[in-house]
Amino acid sequence: MHFENIWLSRYPRPIKCIHDQGTEFIGADFQAVLHQAGIQDIPTTVRNPQANTVCQRLHQSVGNTLRILLTANLPNNVTNVVEMINSSLATALHAARSTIHRTLGVSPGRLVFQRDMFLD
């Protein structure tokens with residue numbers, strides 16, 4: 001449901017979906033979404049160092065953002081905690097999509113959408 005609501009409803013339909021071997025991706029529900037959307041399913045190998053590196057960088061960005069937000073002000077209730085987590089996830093995603101790749105010389109956003117993500 002999250003894949004449909006967050007990705008498929010906002011962005012152009014991908015040709016392939018590359019994912020790890022997690023149960024949420026190899027389950028019947030997710031596979032049905034891919035099949036209905038006409039998206040090719042491509043699972044990664046069990047030990048994929050490049051995918052692990054990307055995940056580690058995203059986790060590091062989320063952790064750094066949460067540390068900064070917690071230093072600025074402590075949350076008072078569960079609603080504030082949820083807002084803080086959502087904010088740090090959005091910041092990490094923005095950083096990942098806008099960082100220029102050393103080898104390619106472009107950001108992932110520019111590669112996918114053929115335009116700069118900051119300037120028109």
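The analysis underlying the following values was restricted to heavy atoms, covering all of them including side chains, and did not include hydrogens, waters or symmetry mates. This is a predicted model, so every value here is computed, not measured.
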Show me the donor-acceptor pairs within less than 3.5 Å that the side chains of residues 83-91 make with the rest of the protein, sequence neighbours left out.
from, atom 1, to, atom 2, distance (Å)
N86, ND2, V82, O, 3.4
S88, OG, M84, O, 3.4
S88, OG, I85, O, 2.9
T91, OG1, S87, O, 2.9

* To do: Check the side chains of D41 and H19 for a donor-acceptor pair under 3.5 angstrom, ignoring hydrogens and angles.
  => yes
* Which value, rounded to the nearest 0.5 Å, describes the distance between L34 atom CG and D29 atom CG? -> 11.5 Å
* Can you list the residues that meet the side chain to side chain contact (heavy atoms under 4.5 Å, CB included) rule with A37, with sequence neighbours excluded? -> L8, R13, I39
* Would you confirm whether Q40, through its side chain, and C17, through its main-chain N or O, come within 3.5 Å as a donor-acceptor pair? => no
* Cluster link L66 to L74, ILVMFWY, side chain under 4.5 Å -> yes
* To do: Under the side chain to side chain contact (heavy atoms under 4.5 Å, CB included) rule, collect the residues that match up with N64, sequence neighbours excluded.
  => Q60, R67
* Which atom pair, heavy atoms only, marks the closest approach of F30 to F25? -> CD2-O, 3.1 Å
* Over all atoms of both residues, closest heavy-atom pair of N77 and N80 -> OD1-N, 2.9 Å
